[in-house]
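Read through the structure below, which is laid out as structure tokens, and then see the notes.
Keep in mind that this is a model prediction, so the values were computed, not measured.
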Amino acid sequence: MKKYLVSISVFALLFSACKLDESPVTQIEKTAIFSSEEGLQAYSISFYDMLPNATDQAIVEQNLVDYGATNTLSGFTLLNAFSENNSSGWNWADLRNINYFIANCTDPSIPEHVRNNYIGLARFFRAWFYYEKVRRFGDVPWVGRPLDPADTDILYAPRDSREVVMEHVYEDLLFAAEHISRTSDAQQSSLITKWAAYAFASRVCLFEGTFRKYHNLNLVTPAETWLKRAEDAAYQVMQHSGKSLHNNYRALFTSDVPPPSETILAIASSASLGVRHNANWRWTSETFGTGLNLIRLFVNTYLQQDGTPYTSRSGWQYENFYEEFQNRDTRLLATLRYPGYMREGRRALPVFNGYARLGYQPIKLSVDATIGDSQTESTHALQLIRFGEVLLNYAEAKAEQGTLTDGDWAQTIGALRARAGITGGIHGKPTIVDTYLQENYYPSINDPVILEIRRERATELIFEGFRFDDVRRWKAGDLFKKSWTGMYIDGINQPLDVDHDGTHDVVYYTDAAGLAAAEANSNNGSMAKVQVSQDPTAEIIQVHPAGDGKGYYLAWFTHNDSKKVWGEKQYLYPIPVNALNLNPQLAQNPGWENGAANDGN
């Protein structure tokens with residue numbers, strides 16, 4: 001790659017600060033770039049800057065998720081904390097770079113299939129760009145060519161409809177899938193392939209189809225068409241890519257070289273090249289990251305190993321930390337610190353008196369080595385697109401169309417669950433609604449197949465960047481208002497052996513006397529000590545009676561539940577006010593006009 005470094009540096013200078021109407025490079029530079037495949041390849045590397053870096057991807061779900069409790073509430077769901085005045089994301093420099101390339105990749109001395117390969121790559125990234133914009137803002141301007149300052153009819157025009165923009169996005173993805181020549185990148189899976197284009201198309205089409213369905217959008221192209229497009233794109237990957245599920249779920253997120261069997265696109269790092277990220281630091285520090293803990297309401301949705309709901313077993317409400325981890329979907333153990341979890345040869349319980357305020361401390365995107373816990377030393381790869389997601393996309397697209405068969409279920413949801421050690425219900429579609437899942441998450445869904453696919457999607461893809469969009473496309477935003485309650489504890493002001501190894505691990509105490517009594521009865525002088533309050537208005541960790549007359553649930557921020565808001569307008573972000581000032585014809589998204597805040601309406 002060294003021979004491309006000079007060219008890459010030139011492109012970085014040329015395009016890093018581009019606007020829609022910025023002047024193009026000189027004719028000499030243009031000829032040098034577009035007259036050879038080497039020039040096209042060098043230019044195309046600049047597109048990859050659009051992908052998130054490893055640190056950003058690692059923390060993509062450290063806030064704005066319904067299943068986690070954080071140090072503080074995200075501004076987007078905190079009463080009156082978000083408006084057009086602090087909105088962001090209206091940046092168009094990447095589009096100018098892409099369109100300039102497409103418009104100028106025309107030299108007939110380069111074979112057409114070679115040019116189409118690189119144009120396909122550019123159109124993949126243009127689809128990536130616009131998908132992000134539509135998810136965030138809804139209607140946006142469609143710009144399919146590099147603009148000049150004289151193009152005021154476009155620069156100051158109203159937004160184009162979602163219908164127009166998304167049809168262009170789909171066209172771009174089809175072109176990319178058909179013309180990108182690369183079919184594998186076995187070393188690091190960090191380059192765009194034909195299968196990345198098809199897989200991403202399945203993601204985009206599923207989002208658009210379900211968003212149109214559940215939001216009742218009356219657009220020319222119906223939801224069913226988009227769902228069929230999602231099915232077809234996923235099918236291409238399933239049938240022709242050669243990809244399969246890797247046999248070790250946790251290894252997908254902790255390996256320096258991502259398993260190529262399942263990985264379609266990843267963000268690679270390298271200690272030897274000095275390319276590191278801080279995922280471990282973010283997921284182990286309660287001050288550097290958001291301190292995200294899962295809430296018990298969500299942990300309860302992980303199935304038992306026999307395929308039945310955890311909430312169907314007797315006494316589940318009062319199972320303590322050790323008990324609730326037994327005989328469960330093994331992805332629970334790959335996602336959270338569990339009884340018996342080891343780091344560098346030592347038991348590593350959740351940090352109850354620090355990070356794990358609710359008891360459920362994540363490990364999925366952090367490695368067991370501790371070197372990166374307080375510095376930027378992580379080098380494990382982060383997944384962007386993988387085969388497991390494609391299976392979920394296929395299953396959901398077919399289920400939403402009403403065409404999912406038992407065979408489809410076994411090939412998709414069944415296969416994912418089998419990898420997780422689940423033995424029951426993997427060969428055929430479910431026929432019974434899990435009332436716990438329905439009542440607590442999707443009360444308007446009566447189809448057990450769709451309910452179970454949503455359960456599976458949440459379990460399989462947790463922390464990978466899908467949940468916020470999934471909740472919004474399903475029009476289930478009220479989930480963001482759920483209370484943050486955690487694990488069950490057997491009592492307060494007494495030492496607790498939470499992992500059942502014979503040694504006391506933690507005491508949750510209410511006052512000095514309670515702490516002293518617990519210490520006097522403890523067999524461990526270094527057990528964790530956590531002060532809690534039985535006052536439901538307290539700002540420290542609370543303990544709420546569990547209902548069995550002796551135990552409690554940990555709780556956090558519940559005294560401020562009334563400050564969690566979700567309203568219809570929050571399914572889209574407001575256009576930033578500076579963009580509206582430059583072009584008033586853009587018009588604000590409904591409910592956000594004139595600086596209106598997120599007030600729950």
Side-chain angles (χ1 to χ4, degrees), residues 51 54 57-58 60-61 182-200 202-203 233-270 277 279-280 283 302-303 305 328-336 338 341 362-369 378-396 408-423 426 453 455-466:
L51 300 178
Q57 182 63 18
V60 67
E61 286 191 5
R182 183 183 296 276
T183 58
S184 68
D185 177 27
Q187 276 197 314
Q188 291 287 357
S189 301
S190 58
L191 297 176
I192 305 300
T193 65
K194 175 185 296 291
W195 309 120
Y198 275 119
F200 184 58
S202 75
R203 178 189 301 181
Y235 183 81
Q236 288 293 324
V237 181
M238 293 165 63
Q239 291 296 115
H240 304 297
S241 69
K243 295 293 181 179
S244 61
L245 293 177
H246 185 60
N247 60 9
N248 187 324
Y249 177 78
R250 179 153 163 74
L252 287 169
F253 315 102
T254 57
S255 304
D256 281 10
V257 178
S261 57
E262 180 165 349
T263 307
I264 296 174
L265 181 64
I267 308 169
S269 298
S270 169
H277 57 89
N280 260 52
W283 283 103
Y302 281 75
L303 294 171
Q305 286 186 3
R328 301 287 293 278
D329 181 330
T330 60
R331 287 170 295 190
L332 184 60
L333 279 64
T335 300
L336 298 175
Y338 56 89
Y341 171 61
I363 61 169
K364 177 174 171 176
L365 298 186
S366 61
V367 297
D368 299 337
S378 297
T379 56
H380 52 288
L382 277 299
Q383 297 281 343
L384 281 180
I385 304 175
R386 62 185 179 89
F387 189 66
E389 181 213 341
V390 174
L391 296 182
L392 288 163
N393 294 344
Y394 183 78
E396 186 177 351
D408 294 330
W409 176 272
Q411 187 181 9
T412 56
I413 308 303
L416 290 165
R417 290 184 174 179
R419 175 171 65 179
I422 295 172
T423 57
I426 60 177
I453 288 173
R455 183 207 304 271
E456 189 66 19
R457 191 171 177 89
T459 299
E460 176 72 20
L461 299 178
I462 189 169
F463 304 149
E464 295 181 53
F466 296 93

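- When all heavy atoms of L382 and Q57 are compared, the closest pair comes out as CB-CG, 4.1 Å.
- Looking at heavy atoms from C-beta onward, S184 lies out of side-chain contact with T193 at the 4.5 angstrom threshold.
- In this structure a side-chain-to-backbone donor-acceptor pair under 3.5 Å is missing from W195 to F387.
- A donor-acceptor contact shorter than 3.5 Å is absent between the side chain of D329 and the backbone of L303.
- Atom OG of S189 sits about 8.0 Å away from atom CG of L265, to the nearest 0.5 Å.
- Between the side chain of Y249 and the backbone N or O of E460 there is at least one donor-acceptor pair closer than 3.5 Å.
- One distance of note links CD of Q411 with CD1 of I426; it measures 13.5 Å at 0.5 Å rounding.
- Among all heavy-atom pairs drawn from S190 and D185, the shortest one is N-OD2, 2.7 Å.
- Y302 and I462 make their closest contact through OH-CD1, 3.9 Å (heavy atoms, listed as atom of the first residue, atom of the second, distance).
- Atom CD1 of I422 sits about 10.0 Å away from atom CZ of R328, to the nearest 0.5 Å.
- Judged purely by atom type and a 3.5 angstrom limit, T335 has no side-chain atom pairing as donor or acceptor with the backbone of L332.
- Using a 4.5 Å cut-off on side-chain heavy atoms (C-beta onward), I413 and L392 make contact.
- Qualifying salt bridge (charged side-chain N to carboxylate O under 4.0 Å, His left out) partners for K243, counting only residues two or more places apart in sequence or in other chains: none.
- Residue A420 comes nearest to T330 through the heavy atom pair O-OG1, 2.8 Å, listed as atom of the first residue, atom of the second, then distance.
- Note on R250 versus D368: salt bridge recorded, some NZ/NE/NH1/NH2 to OD/OE distance being below 4.0 Å.
- T254 contributes atom OG1, which lies 11.0 Å from atom NZ of K364 (distance to the nearest 0.5 angstrom).
- For the pair I192 and R182, the minimum side-chain heavy-atom distance is 4.5 Å or more.
- Judged purely by distance below 3.5 Å, without hydrogens or angles, the side chains of T423 and Q305 never pair a donor atom with an acceptor atom.
- Here the CG atom belonging to L365 is positioned 9.5 Å from the NE2 atom belonging to H277, to the nearest 0.5 angstrom.
- Note on ring orientation: taking the six-membered ring where Trp is involved, the planes of W283 and F463 are tilted (angle from 30° to 60°).
- When side chains are defined from C-beta on, F253 does not count as touching I363, because their heavy atoms never get closer than 4.5 Å.
- Comment: R419 engages E262 in a salt bridge, judged by a side-chain N to carboxylate O separation of less than 4.0 angstrom.
- Of all non-hydrogen atoms in A266 and T263, the two that sit nearest each other are CB-CG2, 3.7 Å.
- Looking only at side-chain heavy atoms (C-beta outward), E464 and E389 stay at 4.5 Å or farther from each other.
- A pairwise comparison of heavy atoms in H380 and V367 identifies ND1-CG1, 3.4 Å as the closest pair.
- Pairs of residues two or more places apart, or lying in two chains, that qualify as salt bridge (charged side-chain N to carboxylate O under 4.0 Å, His left out) and include a residue from residues 408-418 are K398-D408, R417-E452, R417-E456.
- The backbone N or O of P258 lies less than 3.5 Å from no partner atom in the side chain of S255, so there is not a single donor-acceptor pair.
- N393 contributes no side-chain N or O that, together with a main-chain N or O of A234, makes up a donor-acceptor pair within less than 3.5 Å.
- Atom CG of L391 and atom CE of M238 lie 5.5 Å apart (nearest 0.5 Å).
- Judged by distance alone, the side chain of H240 and the main-chain N or O of Y235 form no donor-acceptor pair under 3.5 Å.
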